[in-house]
Chemist: 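Pasting in a structure now, in structure tokens, and then I'll have a few things to ask.
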Amino acid sequence: MLARQAHRQRSAAFLSLGAWLAARGGLAAVGLALSVLGAMVSVVVALAMPADGGAGVAQLPTVASSAIAWSAGVMLAFGAALRALRRDREDGVMALVRARGGSVGGYVWGRVGGLALVLGVAVGGATLVACLAATSVARPSTLVLRSSAAAIVYALAFASTVGPVAMASLGARTRAGGYFTLLAVLVVPELLSPWTSALLPRGWHELTSIPAALSAVRSGIAYPPVGTAHLARALAGLAAVVAVSLVVVAARVVQRDIGEPA
């Protein structure tokens, strides 16, 4: 019992450390500022819309969640993950984790989980503000509530996926190499989706790219009778992406520990 409690305390401490590391730095600060700006713009747009519960108000959470995630969220993930593994080794963060009884798994949990947590707070928090603004001006608000729930789930799924992907793509790379790697992971599959979708069973387009899977998650929450199957496949695909990303991060940490090129 005491050993389990000590393990939970160490895990919480590593997660807090990872969140603190993810939030520092100039690019990360820009990403956080952009999330605040996105929330403010969403409030202004909501107040400027007619309070009739129409399609415009209902679409605000959807548009805001995408805009905030792919602007502020990507900037924050890029700034927090760029050369993170190299910096941690040079700054003694990895040595500190070992001194506290942490393993490679504990470090990866803290570093990746901390980034995902910061992304969730920034993107999810800004999206929540947009949802509250839309709900407050919509009459009736049933449609907006459903759209808002889908937008919040989208933001959290984005944070849970892009955090690990960014750390795996950028953690041990230079600025240019990391940028093109992240671009290749997030953008190129989406550009190729008109062709790659033909290789999948009919209607399985959500597995062509991370953006497509995230959109399917949001649609599945907003329209559950129609999008349930798409939601399940998208979640399974995103879970696989996260699992592969964690394996890549752990492998890079081990390679650096034994002095091999990452």
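All values reported here derive from a predicted model rather than from experimental measurement.
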Chemist: At what distance, to the nearest 0.5 angstrom, does CZ of Arg233 lie from CD of Glu206?
Modeler: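 The CD atom of Glu206 is 4.5 Å from CZ of Arg233, to the nearest 0.5 Å.
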
Chemist: Report yes if some heavy atom in the side chain of Tyr154 is under 4.5 Å from a heavy atom in the side chain of Ser66; otherwise report no.
Modeler: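 Yes, at least one pair of side-chain atoms sits under 4.5 Å.
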
Chemist: Give the cluster check for Val36 versus Leu128: same hydrophobic cluster or not, with ILVMFWY residues linked at side-chain heavy-atom distances below 4.5 Å.
Modeler: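 Unlinked, Val36 and Leu128 end up in two clusters.
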
Chemist: Looking only at non-hydrogen atoms, find the nearest pair between Leu32 and Ala23 and report the distance.
Modeler: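 Answer, listing the atom of Leu32 first, then Ala23: CD1-O, 4.2 Å.
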
Chemist: Nearest 0.5 Å, what's the CG-CG distance between Leu170 and Leu85?
Modeler: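 Leu170 CG to Leu85 CG: 10.0 Å, rounded to 0.5 Å.
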
Chemist: Checking one residue: Val248. Which other hydrophobic residues are in its cluster under the side-chain 4.5 Å linking rule?
Modeler: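 For the cluster that includes Val248, the remaining residues are Val244.
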
Chemist: Quick one: pull up CZ in Arg89 and CZ in Arg83 and give me the separation to the nearest 0.5 Å.
Modeler: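 These two atoms lie 12.5 Å from each other.
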
Chemist: Following the transitive rule for hydrophobic clusters with a side-chain heavy-atom cut-off under 4.5 Å over Ile, Leu, Val, Met, Phe, Trp and Tyr, establish whether Val104 and Val249 coincide in one cluster.
Modeler: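 Result: yes, single cluster for both.
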
Chemist: Between Asp88 and Arg252, is there a salt bridge with N-O shorter than 4.0 Å?
Modeler: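 No, this pair does not count.
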
Chemist: Tell me whether Arg202 at atom CZ has more than 12 heavy atoms from other residues, nucleotides or ligands lying less than 6.0 Å away.
Modeler: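 Atom CZ in Arg202 is not packed in, count stays at 12 or less.
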
Chemist: Is there a path from Met40 to Val123 through hydrophobic residues (I, L, V, M, F, W, Y) whose side chains come within less than 4.5 Å of each other?
Modeler: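 No; Val123 is not reachable from Met40 via cluster members.
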
Chemist: Any sub-3.5 Å donor-acceptor pair from Ser147's side-chain atoms to Ala58's backbone N or O?
Modeler: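 Between the backbone of Ala58 and the side chain of Ser147 there is a qualifying donor-acceptor contact (under 3.5 Å).
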
Chemist: Is Arg87 reaching over with its side chain to a backbone N or O of Leu82, donor-acceptor style, under 3.5 angstrom?
Modeler: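 Indeed, once roles are kept as given, a pair shorter than 3.5 Å links the two residues.
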
Chemist: Any side-chain heavy atom of Val242 sitting closer than 4.5 Å to one from Ser160?
Modeler: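 Answer no - side chains too far apart.
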
Chemist: Do Val41 and Val74 belong together in a cluster built from hydrophobic side chains that touch within less than 4.5 Å?
Modeler: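 Result: yes, single cluster for both.
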
Chemist: Carefully, step by step, assess Val43 and Leu132 under the rule side chain to side chain contact (heavy atoms under 4.5 Å, CB included).
Modeler: CA-CA 9 Å; Val43 172; Leu132 292 174; over 6 Å; no

Chemist: What is the distance from atom CG of Leu183 to atom CG of Leu191, rounded to the nearest 0.5 Å?
Modeler: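 If I round to the nearest 0.5 Å, the distance is 8.0 Å.
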
Chemist: If every non-hydrogen atom of Ala80 is compared with every non-hydrogen atom of Leu115, which pair is closest and at what distance?
Modeler: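 Looking at all heavy atoms of both residues, the shortest contact is CB-CD1, 3.5 Å.
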
Chemist: Looking only at the side chains, is there a donor atom on one of Arg218 and Ser65 sitting less than 3.5 Å from an acceptor on the other?
Modeler: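 Side-chain D/A pair, Arg218 to Ser65: present.
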
Chemist: Can you tell me which residue among Leu246, Val162, Val165 is in a side chain to side chain contact (heavy atoms under 4.5 Å, CB included) with Val241?
Modeler: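 With Val241 as partner, Leu246, Val162, Val165 yield a single side chain to side chain contact (heavy atoms under 4.5 Å, CB included), made by Val165.
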
Chemist: Determine the minimum heavy-atom distance between Thr161 and Pro164, stating which atoms define it.
Modeler: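 Closest heavy-atom pair between Thr161 and Pro164: O-CD, 3.2 Å.
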
Chemist: Any idea which heavy atoms bring Ala22 and Val118 closest together, and the distance?
Modeler: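 For Ala22 versus Val118, the nearest heavy atoms are CB-CG2, 4.0 Å.
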
Chemist: Does one hydrophobic cluster hold both Leu156 and Ile210, with members joined at side-chain heavy-atom distances below 4.5 Å?
Modeler: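 No.
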
Chemist: Under 30°, 30 to 60°, or over 60°: which ring-plane class applies to Phe158 and Trp70, parallel, tilted or perpendicular?
Modeler: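 Plane angle over 60°, so perpendicular.
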
Chemist: Which ILVMFWY residues can you reach from Leu200 by hopping between side chains whose heavy atoms are under 4.5 Å apart?
Modeler: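 When side chains under 4.5 Å apart are linked, the cluster holding Leu200 also contains Trp204, Leu207.
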
Chemist: Please find the pair of heavy atoms, one from Ala46 and one from Ala134, that lie closest to each other, and give the distance.
Modeler: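 Distance-wise, the nearest heavy atoms are CB-N, 4.1 Å.
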
Chemist: Could you tell me which residues satisfy side chain to side chain contact (heavy atoms under 4.5 Å, CB included) with Ala126, sequence neighbours excluded, listed by chain and number?
Modeler: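 In terms of side chain to side chain contact (heavy atoms under 4.5 Å, CB included), with neighbours along the sequence ignored, Ala126 is linked to Ser35, Ala39, Ile68.
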
Chemist: Heavy atoms, side chains only, cut-off 4.5 Å: are Leu21 and Arg111 in contact?
Modeler: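 With C-beta onward as the side chain, the pair touches.
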
Chemist: A side-chain contact here means heavy atoms from C-beta on lying under 4.5 Å apart; do Ser42 and Val129 qualify?
Modeler: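 A side-chain contact is absent here, since even the closest heavy-atom pair is not under 4.5 Å.
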
Chemist: Any side-chain heavy atom of Leu238 sitting closer than 4.5 Å to one from Val217?
Modeler: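 The answer is yes, as the side chains (C-beta and beyond) meet within the 4.5 Å cut-off.
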
Chemist: Report yes if some heavy atom in the side chain of Val57 is under 4.5 Å from a heavy atom in the side chain of Leu143; otherwise report no.
Modeler: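 Sidechains of Leu143 and Val57: no contact.
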
Chemist: Roughly how far, to the nearest 0.5 Å, is CG of Leu186 from OG of Ser209?
Modeler: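 Here the interatomic distance stands at 9.0 Å.
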
Chemist: Enter the distance from Ser148:OG to Arg146:CZ here, rounded to the nearest 0.5 Å.
Modeler: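 Answer for the OG-CZ pair, Ser148 versus Arg146, is 11.5 Å.
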
Chemist: Might you point out which heavy atoms bring Ala234 and Ala216 nearest each other, and give the distance in Å?
Modeler: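 What the structure gives for the nearest pair is CB-CB, 3.8 Å.
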
